[in-house]
Amino acid sequence: IAKDWRRCGGRPGGASVELETTLAEIVHVESVALAVPEPLLERCLLEAVWDLVLPASFDDAWRSYSIDV
């Protein structure tokens, strides 16, 4: 996610993402929060999160993550 955040033009430490997974897929993005609100950056990061392909090691029936990028 951090790599995509930088690709979007974001600065390290400038955003956080809360998401939920089931097995190896993202099923819900609870929030995308930017330190300095910027709609285009927020949208870019949100789309990057939804595009993630999780590795097979994500095998919990349900799990919530909070990630700072």
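Predicted model only: the values in this text are computed from it and were never measured. Below, all heavy atoms of this structure are taken into account, side chains as well, without hydrogens, waters or symmetry copies.
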Could you report the tightest heavy-atom contact between Ser16 and Asp68, atom names first, then the distance? CB-OD1, 3.3 Å
Cluster link Val36 to Leu41, ILVMFWY, side chain under 4.5 Å: no
side-chain contact (heavy atoms from CB on, under 4.5 Å) evaluation trace for Ile1 with Leu19: CA-CA 12 Å; Ile1 295 174; Leu19 58 94; 4.2 Å; yes
Does any non-hydrogen side-chain atom of Trp62 lie less than 4.5 Å from one of Glu20? yes
From Tyr65 OH over to Asp60 CG, what is the distance, rounded to the nearest 0.5 angstrom? 5.5 Å
Given Leu34, Val17, Val49, the one that forms side-chain contact (heavy atoms from CB on, under 4.5 Å) with Trp5: Leu34
State the SG-CZ distance between Cys8 and Arg43, to the nearest 0.5 angstrom. 11.5 Å
Closest contact, heavy atoms only, Pro55 versus Ala24: O-CB, 4.1 Å
Hey, mind stepping through Val27 and Thr21 against side-chain contact (heavy atoms from CB on, under 4.5 Å) and telling me if it holds? CA-CA 5 Å; Val27 294; Thr21 63; 5.8 Å; no
Where do Leu23 and Phe58 land on the side-chain contact (heavy atoms from CB on, under 4.5 Å) test, with the steps shown first? CA-CA 6 Å; Leu23 301 176; Phe58 281 77; over 6 Å; no
If you measure from CG on Asp59 to CG on Leu54, what distance do you get to the nearest 0.5 Å? 11.5 Å
Working for side-chain contact (heavy atoms from CB on, under 4.5 Å), residues Cys44 and Arg7: CA-CA 9 Å; Cys44 184; Arg7 181 187 49 77; 4.2 Å; yes
For residues Leu45 and Ala15, report the shortest heavy-atom separation together with the two atoms involved. CD2-CB, 3.8 Å
What I'd like to find out is whether the side chain of His28 reaches to under 4.5 Å of the side chain of Ser64, using heavy atoms alone. no
